[in-house]
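Let me begin by presenting the structure, written as structure tokens, before commenting on it.
Reckoned from all heavy atoms, side chains included, excluding hydrogens, waters and symmetry mates.
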Amino acid sequence: GKDAVPPRKIPHQASGTALVHTPVAVADIPRRLFGSFVEHMGRGVYGGIYEPDHPTADEYGFRHDVMELVNELGVTCVRYPGGNFVSNYNWEDGTGPKELRPVRRDLAWHSTETNEVGIDDFYHWSRQTGTEIMLAVNLGTRGLHACLEELEYVNAPAGTALADRRVRNGIPEAMDVSMWCLGNEMDGPWQVGHMSAEAYATAVDQVAHAMKLAESGLQLVACGSSSAHMPSFGHWERTVLDKAYDNLDFISCHAYYYDRGAASFQDFLLSSEDMAHFIDTVAGICATTKAEKHSDHEVALSFDEWGVWYSDVWNQQEEEWKAQAKAGLHHEEWPKAPRLLEDLYTVADAVVEGSLMISLLKHCDHVRSASRAQLVNVIAPIMTEAMGPAWKQSVFHPFAAAAHHARGNAYAPSIDGPMLSTPQYDAVPAIDAVITWDDERHEGLALVVNRDEHGTHDVRIDCSSLPRIDASTMRIDATQMLHEDDPYRRNTAEDSNAVVPHACDVRMNEDASFTLTMPEISWAAIRFHSA
Amino acid sequence: GKDAVPPRKIPHQASGTALVHTPVAVADIPRRLFGSFVEHMGRGVYGGIYEPDHPTADEYGFRHDVMELVNELGVTCVRYPGGNFVSNYNWEDGTGPKELRPVRRDLAWHSTETNEVGIDDFYHWSRQTGTEIMLAVNLGTRGLHACLEELEYVNAPAGTALADRRVRNGIPEAMDVSMWCLGNEMDGPWQVGHMSAEAYATAVDQVAHAMKLAESGLQLVACGSSSAHMPSFGHWERTVLDKAYDNLDFISCHAYYYDRGAASFQDFLLSSEDMAHFIDTVAGICATTKAEKHSDHEVALSFDEWGVWYSDVWNQQEEEWKAQAKAGLHHEEWPKAPRLLEDLYTVADAVVEGSLMISLLKHCDHVRSASRAQLVNVIAPIMTEAMGPAWKQSVFHPFAAAAHHARGNAYAPSIDGPMLSTPQYDAVPAIDAVITWDDERHEGLALVVNRDEHGTHDVRIDCSSLPRIDASTMRIDATQMLHEDDPYRRNTAEDSNAVVPHACDVRMNEDASFTLTMPEISWAAIRFHSA
Amino acid sequence: GKDAVPPRKIPHQASGTALVHTPVAVADIPRRLFGSFVEHMGRGVYGGIYEPDHPTADEYGFRHDVMELVNELGVTCVRYPGGNFVSNYNWEDGTGPKELRPVRRDLAWHSTETNEVGIDDFYHWSRQTGTEIMLAVNLGTRGLHACLEELEYVNAPAGTALADRRVRNGIPEAMDVSMWCLGNEMDGPWQVGHMSAEAYATAVDQVAHAMKLAESGLQLVACGSSSAHMPSFGHWERTVLDKAYDNLDFISCHAYYYDRGAASFQDFLLSSEDMAHFIDTVAGICATTKAEKHSDHEVALSFDEWGVWYSDVWNQQEEEWKAQAKAGLHHEEWPKAPRLLEDLYTVADAVVEGSLMISLLKHCDHVRSASRAQLVNVIAPIMTEAMGPAWKQSVFHPFAAAAHHARGNAYAPSIDGPMLSTPQYDAVPAIDAVITWDDERHEGLALVVNRDEHGTHDVRIDCSSLPRIDASTMRIDATQMLHEDDPYRRNTAEDSNAVVPHACDVRMNEDASFTLTMPEISWAAIRFHSA
């Protein structure tokens, strides 16, 4: 999306009402769709979720104020401990008495890792926050043997050597982690121990097979491509699935977007189109492989890194290090918990993330797990100050609305209305939306986004096809809208309420539809019910 | 042999005498042809050879009554400790003080492994029983480095770090294990750490080269295909031999047969035809590779898993586990020394095993090592009751006859007589036989089998071509026949003499031949001598 | 060079003066060109550099008399600890308290390794001798994880687990080793853990990438072919460079020459032609890869094993071991520090090594590092007697002359004069020469060799093109010549001055040139300066 083709002069259909038609059921909404990601990097763990000197810290050193925000965010599942970090990580380093834990260099993020927090500790945090752990193993510098030992330590009931070590470390019960990521972005040349598609397919086939022998009912996530822009994208997915299909449950997708990384600001606002195309492609590869193997087994998508990330900053840092290396051997700083990737998000970023969440929900038949990257401080909805408060970025709000209220089934509407054309996209709707509907509670949620950089649009949302909905008793319960006249407005530690959702005006119609006006670059959530 | 083609209507030549013609010398009979197999699985070790509370247990916890049956069986060489078990086994776990040995999960057989028995202990057992150890290394979860350490621990004289550890563990002398299996069935998708032919060839080339640097005169066994029915059979053998020929001494063959696994009962009775074809194929690949490499080095066959195994029972168990896994994470039982693969063998099974042994002897120019799988309790000739007796299955007898009395050279006769045709086989002789002849002692053994499901046949066995045999002084010394009117008759713990060999009527002729009558589904051993 | 083609009858141009024309600048002379090699083998370390009972031993057990000769030799950089040895070496074995270090078997050289010396100790030796360490990692039995741990132990400042272990072992400062060899001769079937080009390329790509993440400014040396005569030569270099180009700084070349290994004695004397061709080939592959990748990064050549080695002796020893192995398992001797490869060098060998050094200097635009193999006792310029003296072999002298006086830039002349033809070579000059010139100090060195087995030649060396040289003030400062009437004359422990350089007669001309007479099989060094 970075080529310099100028936008085509297709005029915006800036007038008229966008019609969000009667939606078609997609699938039940998996709770894991509202996952997040805690990596050992920057201040994500140390000074993020963990700060033992903080006034709100619990007995394990975890900040309660952060936990409260995690609950408010509605996170269901947390990927841990990386990310790139995991590819040179010894899981044992984060277990047992803290005074015996080794200090290591984290090659991925060029930091010093004290190992004060590890799986022993994070397990306590996950129980406190009521979140599921999605655990990643190191396939960079280690392999099958270490994976099996980690699995036994984490999940085996007392009675074996490694389970008994866990018991001695204060955790008598099995941690019962179901979801395991088999390495991280192993196709990326930046990854410690990166591999060819063929080598990774072989490794993951061995690891997945053996882990499933060791523990019944695991759900295993193979690395897909690090992004849809990798040269081996497609080939990688096909190779991995062809080799290891029957022992895999998920294949991962990762995608990050940001303003400067797009062909134009309007293209950035349309990032969810790219995500949708990415999902369709990988889901197609899964379906093809299933058919070729005449299998009745399903491999779903785990979109386990997504969000807005101003990645050029880090890339530039890496280029500088490379340039310095030419000067010969020298000792660089390996800081502890430096400020890394502490992007401050604009309201436009929040609208884009709201739009990406709509895309995930519309594809939740294929995407059965997702993790917004990341949770605290590092490209994060939640920020902290040392010994100070925790606060919410703009992107906190669209995530929280979906995580708390998108229940039951997702419904994907067809949409008529104003269209946008950009350097990257031909004629895509300015408006996007998804409806979720819990037909037991008769409660619904409409998530709507106006991706148009310039135009305000009226939107009419037709809910009449939702099962057992009763137009006569249908009522709007609550509304939220994110929009600022300045799309670059953002929250800061000093003013964390600069960007917050506001209620908006929604007109209920008589035919189980409702209408609202969406200004340019805006996101809205409308909760409704019927008797 | 499982396709549904109906038997062709070629009538049995049920009448007439089978003529077992003057045999042709094959090769000297290697003592290792009478090997067996002790795997850590089920009650093979724990409750099998090892039961420290048993009244007959020795200082190491090994049952003397079992050892006596092992001697009676005539086993020469025992493969240890697996089998599938070895592919996730740390050899160190079975060394040193028992109270420090770790409890592990055995992924292959879904059992808890206490490691009370390991190489330290098995070495004592092998010395007590006078058997050679054939030791398998783990190429599933470990590799070259662990192999070299194990080799040093086992075989190096005192003076190095690992040899000195063995000395401290109570074994001052080098164990002097010659035969090493480089992994087990690494082509099998069920195997922990299974590999492609190319990957295994690379691994085995590295391991074999380095082990031979470390110890002079080792004999190394590469994995061949897990069975002749594997999709990569042939390609696997060619790839492995092409890569690592000069550092290998053996390539393995594995084959199991059972009634329900055959196209018909008659096909099952003809299993030795399949074995013969398997041997011919692999021997051909060895010869081809030798020729292509213009080598003067020989690679022989180690038929190190063979016998009757009702494998559908275990396969069904595995399918059930897979089905249960769909229900999500749950903790299964990991029993200690469960009753696994405790097949009770019929007299028909014994006749088939007798027939397979005839096939091995007839191919002992190529097959220089063989291990009947297994020894105690697990698909075994010897069964035990906890705190109770040890007893013999039907298959004990044909093995023992060969192991004790097949000495000198093997002679393969051509055979005329009644022919059988089945779904799988065109026109094969009902009768099969092999002659062994020790031309120093002037003692011979004829092993004969009637593989016909229905017909009784007279058999005339011509020994006149045996070197230095003297027709005038030739005498029958002893006869044994296995046959029951009910071919499904079997021994049990309560009645372990339901199937035993009986003497049979053998008529000596004047021309160094003898004649006997073989009822349907029967096996016979005739010992003879001349002055 | 071993084919039996008879020498062509091109008559030697035995008369006339060889004209060494105005030289063309090649490049600055890297100090690392005068590197050597200390491998744990034979008496290279134990009884070589290290002999704690020796009267001259320092507190670490290193012989001071040897160190003095090392200084006299002018060695700048020392490759350590192997060689083939490293491919089954655990770097940890050579660290920490000596009484805890394990005794191992060295598979490469069939010796017992006591680990009394390791990186901890060698670091002290390198500081005492003022030499740079070039450290090789084990890619035979270990991989990425162990490499990263070794790098951290060696180079990380205190504060991490492994750096702190080094501190506890008595070395508080980072060792700051820049040059790392990524395995040794991994293409060689004799190498423990040898690999295909593709497998090594994958391994080295992972290791180089991760090591450079861990430490900024490292210079990494990938294994090239073990020799230009390997079947995969060329393919190997291309495959490795294509995969890992950006993270590599050097690719290695290894070449050994000896009389019996050449097509004729005259061919042996022309060994530097073979080296020059080897360098051109590998430099061409580097340039091609750089062009294909449109890279601005340079990969240079590290000619890190070179010299004269009578390798047939060791090869015959290995054949004998292989033959013995057919007799079955037996325990061989694993001697400690046996006399291995203690070749005694003739004056002809010294002339050839002088000629090889000229070749290296003439190619120092591509060859930016070189290590003469080896340093002490093992194919070495320096020999020792236990509790006795250290003494110099003939090959000591041409190395020392270059190492001490070849400064500034190297200049490669074109040469007219008598030509030689041999079974291997068409028409190559009998005389070879290189000029080095330090244009700050106005000091120069001419290294000249007469490679003719039979003819004496006058040589005129034109220095007029050297920058800022002043013909009127140009003076000869010192001369050295190696030549003996018996080309097989050699030094021994008893008579270590049998072969030493002598001054020779050099006539200064008026045009910044000088003239000398080179007898058959001779080497000369002429130092000069101008105002």
If you count heavy-atom pairs within less than 4.5 Å of chain C, which of Met195(A), Gln324(A), Gln191(A) leads? Gln191(A)
Using every non-hydrogen atom in the two residues, find where Val192(A) and Ala210(C) come nearest and quote the distance to one decimal. CG1-CB, 4.0 Å
How about Asp176(C) and His331(A): does a side-chain donor come under 3.5 Å of a side-chain acceptor? yes
Under 4.5 Å from a heavy atom of chain C, the part of Asp93(A) involved: neither
Which value, rounded to the nearest 0.5 Å, describes the distance between Asn138(A) atom CG and His145(C) atom NE2? 7.0 Å
Just by modelled atom types, is the Ser216(C) backbone N or O under 3.5 Å from a matching donor or acceptor in the Glu332(A) side chain? no
Between Glu298(C) and Lys326(A), does at least one N-O distance fall below 4.0 Å, as a salt bridge requires? no
Between His330(A) and chain C, with a heavy-atom cut-off of 4.5 Å, which part of the residue counts as in contact: side chain, backbone, both or neither? both
Under 4.5 Å between any side-chain heavy atoms of Glu215(C) and Arg105(A), yes or no? yes
In Å and rounded to the nearest 0.5 Å, what is the CH2 to CG distance from Trp321(A) to Leu213(C)? 9.5 Å
Inter-residue atom distance Ser196(A).OG - Glu198(C).CD, 0.5 Å rounding: 11.5 Å
Between Asp205(C) and His194(A), is any pair of side-chain heavy atoms under 4.5 Å apart? yes
The interface call for Glu318(A) against chain C, heavy-atom contacts under 4.5 Å, is neither
Please classify the contact of Asn90(A) with chain C as side chain, backbone, both or neither, using a heavy-atom distance under 4.5 Å. side chain
Can you give me the closest heavy-atom contact between Arg104(A) and Leu162(C), atom names plus distance? NH1-CD1, 4.1 Å
Using every non-hydrogen atom in the two residues, find where Ser178(C) and Leu329(A) come nearest and quote the distance to one decimal. OG-CB, 3.4 Å
